[in-house]
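Here the structure is laid out as structure tokens; the discussion comes afterwards.
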Amino acid sequence: MKIVFATGNPHKLKEIKEIAGDTDIEFVLPAEGFNPVENGDTFEENSLIKAKEAARVSKMISLADDTGLCVESLGGAPGIHSARYADTGQARIDKLLKELEPYENRNAEFVCAMTLVDENGNLLHSATGICKGKIAKKQSGNGGFGYDPIFIVEEKNKTMAELSNIEKNEISHRGRALRKILALLTP
């Protein structure tokens with residue numbers, strides 16, 4: 001089975017392929033013209049917007065995710081604005097660490113909402129995955145992407161960037177959401 005994964009982020013596509021590795025599903029990028037306007041108020045709404053847009057341009061079953069980091073002390077920020085919190089990955093990390101300086105509470109969670117639609121954009125399945133942790137005071141680790149170097153995974157007591165890809169995919173928010181979708185698609 002071939003499914004469009006609605007992203008322009010090669011890191012996300014690689015991760016999805018690794019998580020789904022032992023299935024017969026082939027994930028591909030959307031057709032040219034994929035340009036969703038993420039104007040939803042929730043991860044779920046933005047995920048649905050992206051999935052429908054991918055189905056519209058590709059005319060194929062499409063899967064999308066919307067993922068973000070929600071920090072307790074910042075009222076859930078950066079949340080749905082995680083990717084647009086600053087201009088670069090490093091600038092996003094620097095901004096978040098600066099904003100957290102006055103707070104003792106560094107609890108946070110990565111949230112991933114996934115939506116699967118048919119080739120006409122009709123909703124087939126949706127799932128959410130959450131990974132709880134806290135924000136480190138400084139970066140650590142060379143793996144992963146995004147906020148991974150400052151997100152200490154509760155279950156591992158290491159940053160996401162310190163985990164191997166296998167370890168990360170077992171416990172990550174994206175891995176948890178995708179496994180729920182895959183369970184509905186594979187016998």
Side-chain angles (χ1 to χ4, degrees), residues 1-71 76-89 91-92 95-96 109-131 144-148 151 160 165 168-187:
M1 174 188 306
K2 192 179 278 194
I3 296 177
V4 171
F5 184 58
T7 189
N9 183 333
H11 297 292
K12 279 188 181 184
L13 181 63
K14 179 179 182 281
E15 213 171 82
I16 290 293
K17 286 180 174 184
E18 287 173 357
I19 295 165
D22 60 348
T23 68
D24 66 350
I25 298 171
E26 178 189 355
F27 288 99
V28 297
L29 290 173
E32 198 169 315
F34 174 70
N35 190 22
V37 178
E38 296 179 52
N39 57 2
D41 293 325
T42 65
F43 294 115
E44 293 79 10
E45 288 176 12
N46 283 334
S47 177
L48 181 59
I49 289 167
K50 290 189 267 189
K52 285 183 170 193
E53 174 67 3
R56 185 189 69 76
V57 300
S58 301
K59 304 293 185 245
M60 293 174 60
I61 293 174
S62 298
L63 177 70
D65 84 325
D66 196 52
T67 300
L69 178 64
C70 301
V71 181
I80 62 169
H81 305 289
S82 293
R84 299 175 295 281
Y85 201 49
D87 291 336
T88 66
R92 288 187 280 277
K95 180 179 179 180
L96 184 63
E109 62 184 23
F110 270 124
V111 176
C112 176
M114 279 198 174
T115 306
L116 184 71
V117 299
D118 68 16
E119 60 277 1
N120 298 312
N122 299 309
L123 179 65
L124 296 173
H125 303 293
S126 62
T128 301
I130 293 174
C131 183
F145 60 95
Y147 296 96
D148 289 358
F151 184 81
M160 280 269 195
N165 285 349
K168 179 182 175 183
N169 291 339
E170 284 175 6
I171 54 90
S172 77
H173 47 298
R174 190 169 291 110
R176 289 176 173 162
L178 181 58
R179 279 189 291 281
K180 290 176 186 177
I181 298 284
L182 292 174
L184 299 168
L185 293 176
T186 54

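Note that the structure is a prediction, hence the values are computed from the model and not measured. Only heavy atoms go into these numbers, but all of them, side chains included; no hydrogens, no water, no symmetry mates.
Nearest approach of Ser47 to Thr115, heavy atoms of both residues: OG-OG1, 2.8 Å. Shown here for Tyr147 and Ser82, the closest heavy-atom pair between the two residues is OH-O, 2.8 Å. Counting all heavy atoms, side chain and backbone alike, Asp118 lies closest to Ala55 at O-CB, 3.5 Å. In plain terms, the two heavy atoms of Thr42 and Ile80 that are nearest each other are C-CG2, 3.7 Å. Closest of all the heavy-atom pairs between Pro78 and Val71 is CD-CG2, 4.2 Å. The nearest pair of heavy atoms linking Cys131 to Met160 is SG-CE, 3.8 Å.
Checked by atom type and distance alone, the side chain of Arg56 never pairs as donor or acceptor with a backbone atom of Gly121 at under 3.5 Å. The main-chain N or O of Phe145 is found under 3.5 Å from a side-chain atom of Asp148 such that the two form a donor-acceptor pair.
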Under 3.5 Å donor-acceptor pairs involving side-chain atoms of residues 1-20, not counting sequence neighbours:
residue: Thr7; atom: OG1; partner: Asn9; partner atom: N; Å: 2.9
residue: Asn9; atom: OD1; partner: His11; partner atom: N; Å: 2.8
residue: Asn9; atom: OD1; partner: Lys12; partner atom: N; Å: 3.3
residue: Lys12; atom: NZ; partner: Asp65; partner atom: OD1; Å: 3.1
residue: Lys14; atom: NZ; partner: Glu18; partner atom: OE2; Å: 2.8
residue: Glu15; atom: OE1; partner: Arg174; partner atom: NH1; Å: 2.5
residue: Glu15; atom: OE2; partner: Lys168; partner atom: NZ; Å: 2.9
residue: Glu18; atom: OE1; partner: Asn169; partner atom: ND2; Å: 3.1

N/O donor to acceptor pairs below 3.5 angstrom from side-chain atoms of residues 29-37, sequence neighbours left out:
none

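A 6.0 Å sphere centred on CG of Asn120 holds more than 12 heavy atoms belonging to other residues, nucleotides or ligands.
Relative orientation of the Phe110 and His173 rings is parallel, given thresholds of 30° and 60° on the angle between their planes.
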Is there a side-chain contact (heavy atoms from CB on, under 4.5 Å) between Leu116 and Leu184 once you walk through the steps?
CA-CA 11 Å; Leu116 184 71; Leu184 299 168; over 6 Å; no
